[in-house]
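Here the structure is laid out as C-alpha cells; the discussion comes afterwards.
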Amino acid sequence: MSPTNPQILPYGEAAIADAARVIADGGCVAVPTETVYGLAADATESRAVAGIYAAKGRPSFNPLIVHVLDLAAAERIAVFDADARALAGRFWPGPLTLVLPLRADAGIAALVTAGLSTIAIRVPAHRAMRALLAATGKPLAAPSANASGGISATRAEHVVASLGDRIPLVIDDGATPGGIESTIVRGREVLRPGPLTEEELFPDEGRGPVTTFSDTGPRPSPGIVEAPGQLASHYAPSKPVRLNATMAGEEEWLIGFGAVAGDESLSLTGDLTEAAANLFDALHRADAAPATAIAVAPIPNTGIGIAINDRLARAAHPR
Ligand code: TXA
Ligand code: MG
C-alpha cells in the first residue's frame, strides 16, 4: 500500500485485486454498493472488524451488516424461515437487509453482531461490491463508509472527506445509484425505512399509520440494541438543520424539492427516487457551503419519501 492514505482507485480488475489483498491482510476498504459506499472487512476476523469500528469511531454496541454473494451463502450464516426466503427471492440482490437468527456455526466474528443472537445480512447488487465478494470469497461486514454519526457517503470524495487517512483504499465507481441505505426488515417489521417500501415488501398487509423510529423520538439509553443504528442523531452535518422550510432564512442554505427551488434542489420535478439519490450529496454540499445553517424543503411522506424523512429527522436532531 502507498504510504499516503487513502489510495483512490477506479473500479476495475486491478482495484479489486488490491482491495482483496487488503482484506486478506485484515484491513478494510471502502467500496460502493447500490445504496451508499460501504467500509468492508472480513466478517470472520475479529481484528479486521475491529478495524472498521476504529476507522468509523463507531460505538461498539452498534452491529454491522454482513454482505454475501447469494442466498446460499446467506443460509450458511443465518437461519431462514419461509417468509425470509420469499423476501430474499423477490428482492436479492438489492437494497434489502434481513435480520435473522445467527447460526451457531456461522463463523462470524462476535464483534459484527455486537453480541446479539441475530445478524443483519444482505446480498448487494452493485458490481464493485459483488466483485470484491467474489475475489475475497469471504462474507464482508460493511457499514456505511462515513465517520460514526456523520453524513453517509454516496461518492468516493465523501468517503475521503469523512474517513480520510484512517483507511488505506477507496474503490471509486462514481455516485451510488440509490443514495439511501437498505431497508432493514425483521420478520414483518421494518426496522429502518429504505429504498424498498413497506407496500412493496408486504403488499398483502392491511396497514395502519406508518411508524418509523423518527416518530418515536430518541432511543432509550444505549446498551441494549433493539433497532440499533437508529440513533436519534445520525447523518448529521456540522451545522443546524431546519426541516419543512419553504423559504431560506438569513444565513441558511436551502435544499429544495419540487416547487421549493432553494439554493439547489433534490428534484425539481418532485421525483422522490431522484431526491433519494441526491440526498446525501446535497447534505455534503450544504455542509461545505458558506451559509451557517441548513434548511430543507418539505418532502412528501410516501414511498421512499418515508426513508428520506427518516434520514432528515436524524440529520436535524441536536447531537
Ligand atoms: O445500504 C446499506 O445497508 C449500507 C451498505 C453499505 O450496505 N450499510 C449500512 O450499514 O447502512 P450501517 O452499519 O451504517 O447500518 C447498519 C444498521 C444499523 O442501524 C444497525 O444497528 C443495524 O443495521 N443492525 C445491524 N445488525 C442488526 C441486528 N442484528 N438487529 C437489528 N439491527 C441491526
Ligand atoms: Mg450508517
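Note that these values count all heavy atoms, side chains included, but never hydrogens, waters or copies made by symmetry. All ligand and atom numbering here is 1-based and tracks the order in the structure. Just so we're clear, the structure is a prediction, and the values are computed from it rather than from any experiment.
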With under 30° as parallel and over 60° as perpendicular, where do the rings of W92 and F80 fit, or are they tilted in between?
-> perpendicular
Does M129 reach ligand 1, in the sense of a heavy atom lying below 4.0 Å from it?
-> no
Is it true that H67 lies under 4.0 Å from ligand 1, counting heavy atoms only?
-> yes
Indicate yes or no: does K239 engage E251 in a salt bridge with an N to O separation below 4.0 Å.
-> no
Return the minimal non-hydrogen interatomic distance between A40 and I23, and the atom names on each side.
-> O-CD1, 3.9 Å
Consider only side-chain N and O atoms of D281 and T154, and report whether a donor and an acceptor are under 3.5 Å apart.
-> no
With A161, which residues qualify under side chain to side chain contact (heavy atoms under 4.5 Å, CB included), at least two apart?
-> none
Applying side-chain hydrogen bond (donor to acceptor under 3.5 Å, both in side chains) to D105 and not counting sequence neighbours gives R103
At a cut-off of 2.8 Å, list the protein N/O/S atoms near the Mg ion (ligand 2), residue plus atom name.
-> S144 OG
Atoms of ligand 1 under 4.0 Å from any heavy atom of T118, numbered from 1 in the order shown, are 28 (C), 29 (N), 30 (N)
Does the side chain of S152 come under 3.5 Å of the side chain of E181 through a donor N or O and an acceptor N or O?
-> yes
What pairs meet the side chain to side chain donor-acceptor pair (under 3.5 Å) rule with one or both residues in residues 69-78, with sequence neighbours excluded?
-> E75-R85
Can you name the nearest heavy-atom pair linking S182 to I65, along with the distance?
-> OG-CD1, 4.1 Å
Contact with ligand 1 for T113, non-hydrogen, under 4.0 angstrom | no
In terms of atom number and element, which parts of ligand 1 are under 4.0 angstrom from non-hydrogen atoms of L191?
-> 31 (C)
Near T35 (heavy-atom distance under 4.0 Å), the atoms of ligand 1 are 1 (O), 2 (C), 4 (C), 5 (C)
Going by the 4.0 angstrom heavy-atom rule, the piece of R58 near ligand 1 is side chain
Just jot down the ligand 1 atoms closer than 4.0 angstrom to any heavy atom of I65, in number order.
-> 3 (O), 8 (N), 9 (C), 10 (O), 16 (C), 23 (O)
Report, in ascending order of atom number, the atoms of ligand 1 lying under 4.0 Å from any heavy atom of S182.
-> 1 (O), 2 (C), 3 (O)
Residue part near ligand 1, for A142, under 4.0 Å between non-hydrogen atoms | backbone
Is the shortest distance from a Lys or Arg side-chain nitrogen in R21 or D25 to a carboxylate oxygen in the other one below 4.0 Å?
-> no
Does at least one non-hydrogen atom of R122 fall below 4.0 angstrom from an atom of ligand 1?
-> yes
Closest heavy-atom contact between I52 and A141?
-> CD1-O, 3.5 Å
N62 and ligand 1 - part of the residue with a heavy-atom distance under 4.0 Å = side chain
Near I184, which atoms of ligand 1 are under 4.0 Å from a heavy atom of that residue?
-> 17 (C), 22 (C), 23 (O)
Would you tell me whether D271 and T269 have side-chain atoms, one donor and one acceptor, within less than 3.5 Å of each other?
-> no
